[in-house]
Amino acid sequence: MPWFFVSVWRMLSRFLEKATQEKIVIVSNEEERKKFIKEIGEESLPEEYGGQAKLVALQDFILPELED
């Protein structure tokens with residue numbers, strides 16, 4: 001995570017309620033990354049962020065036909 005985002009988060013987080021702050025995770029080092037992946041699971045994290053989930057853009061998703 002670039003230092004800029006961490007710095008901005010530290011400034012902005014002071015204005016947020018504690019419950020809201022706890023919902024946001026900024027992973028800035030390898031130890032935090034491992035802990036984060038252990039919590040949510042690699043299968044839930046998109047590949048572009050180091051996980052195994054394959055994301056499909058909503059506009060590319062084809063819904064199956066409904067049966068009558």
To the nearest 0.5 Å, how far apart are OG in S13 and CD in E22?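 Reported value, rounded in 0.5 Å steps: 12.0 Å.
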Atom pair CZ/CD of R14 and Q21 - distance to nearest 0.5 Å: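 It comes to 10.5 Å.
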Considering non-hydrogen atoms only, spot the tightest contact between E42 and G50 and give its length.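 Of all heavy-atom pairs spanning E42 and G50, the closest is OE2-O, 4.2 Å.
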Report yes if some heavy atom in the side chain of [X] is under 4.5 Å from a heavy atom in the side chain of [Y]; otherwise report no.
X	Y	value
E47	Q52	no
E31	K35	no
I37	K34	no
I26	F36	no

Check: T20 side chain, L16 main-chain N or O, donor-acceptor pair, under 3.5 Å: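 Judged by distance alone, no pair lies under 3.5 Å.
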L55-I40 co-clustered via ILVMFWY side chain contacts under 4.5 Å: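 No, separate clusters.
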With hydrophobic residues grouped by side-chain heavy-atom distances under 4.5 Å, do F15 and I24 end up in a single group?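 Cluster IDs for F15 and I24 differ.
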Over 12 foreign heavy atoms within 6.0 Å of CD, E17: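 No.
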